[in-house]
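See below for the structure under consideration.
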Amino acid sequence: TITLLAQGDTAVINPGREEFTARDDQGRTVPLTGTGATAEPARPNATTLHLTGHFQTGSAQLTWRHDGSVISVWDFVIELD
């Protein structure tokens with residue numbers, strides 16, 4: 001499970017699950033499931049989104065797109081011990 005916290009300076013950022021895509025190190029799409037973003041009462045203008053995907057050992061990438069533009073890309077390595 002990947003947990004994202006989005007916080008705006010002046011307004012709430014409310015990312016939807018459909019704005020995120022994941023790929024493994026072979027370029028294959030990793031399907032993501034999740035619930036809608038929920039407000040973070042302790043942090044003004046913040047929401048949390050939980051995404052779940054089945055990742056294999058190796059590198060992966062998570063991309064956030066909004067209105068067709070890339071907002072952010074995260075690269076990470078999956079290690080199963």
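These values consider heavy atoms only, across backbone and side chains, with no hydrogens, waters or symmetry-generated copies.
Closest non-hydrogen pair, G58 versus D25, comes out as CA-OD2, 3.9 Å. Smallest separation of non-hydrogen atoms from D24 and Q26: OD1-N, 2.9 Å. When all heavy atoms are compared, the tightest approach of L5 to A46 is CD1-CB, 4.0 Å. Summarising the geometry of A37 relative to N14, their closest heavy-atom pair is CB-OD1, 3.1 Å, with the distance given to 0.1 Å. Residue E19 comes nearest to W64 through the heavy atom pair OE1-NE1, 2.8 Å, listed as atom of the first residue, atom of the second, then distance. Closest non-hydrogen pair, A22 versus L62, comes out as CB-CD1, 4.2 Å.
Under a hydrophobic clustering in which Ile, Leu, Val, Met, Phe, Trp and Tyr are joined whenever their side-chain heavy atoms come within less than 4.5 Å, directly or via other members, I71 and F76 fall into the same cluster. Taken together through direct or relayed side-chain contacts under 4.5 Å among Ile, Leu, Val, Met, Phe, Trp and Tyr, L49 and V12 form parts of separate hydrophobic clusters. Linking ILVMFWY residues whenever their side-chain heavy atoms come closer than 4.5 Å, directly or via other members, leaves V30 and V77 in distinct clusters.
Within 6.0 Å of CG in D75 there are more than 12 heavy atoms belonging to other residues, nucleotides or ligands.
Looking at L51, T47, L4 one by one, the single match for side chain to side chain contact (heavy atoms under 4.5 Å, CB included) with P15 turns out to be T47.
Side chains of I13 and N45 form no contact here, defined as non-hydrogen atoms less than 4.5 Å apart. Using a 4.5 Å cut-off on side-chain heavy atoms (C-beta onward), H54 and P31 make no contact. You'll find the side chain of T21 stays beyond 4.5 Å of the side chain of L32, heavy atoms only. Using a 4.5 Å cut-off on side-chain heavy atoms (C-beta onward), I2 and F20 make no contact.
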Worksheet entry | Candidate pair T57 and E79, rule side-chain contact (heavy atoms from CB on, under 4.5 Å), full reasoning | CA-CA 5 Å; T57 300; E79 293 181 2; 5.7 Å; no
Discussion item. Walk me through whether H50 and T1 qualify under side chain to side chain donor-acceptor pair (under 3.5 Å).
Written reply: CA-CA 7 Å; H50 299 278; T1 299; over 6 Å; no
Discussion item. Determine whether R17 and T33 satisfy the following criterion, side chain to side chain donor-acceptor pair (under 3.5 Å), listing intermediate values before the conclusion.
Written reply: CA-CA 7 Å; R17 187 211 47 80; T33 59; over 6 Å; no
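One N or O on the side chain of R23 and one on the backbone of G27 form a donor-acceptor pair closer than 3.5 Å.
Here the straight-line distance linking atom CD of E40 with atom OG1 of T38 works out to 6.0 Å at 0.5 Å rounding.
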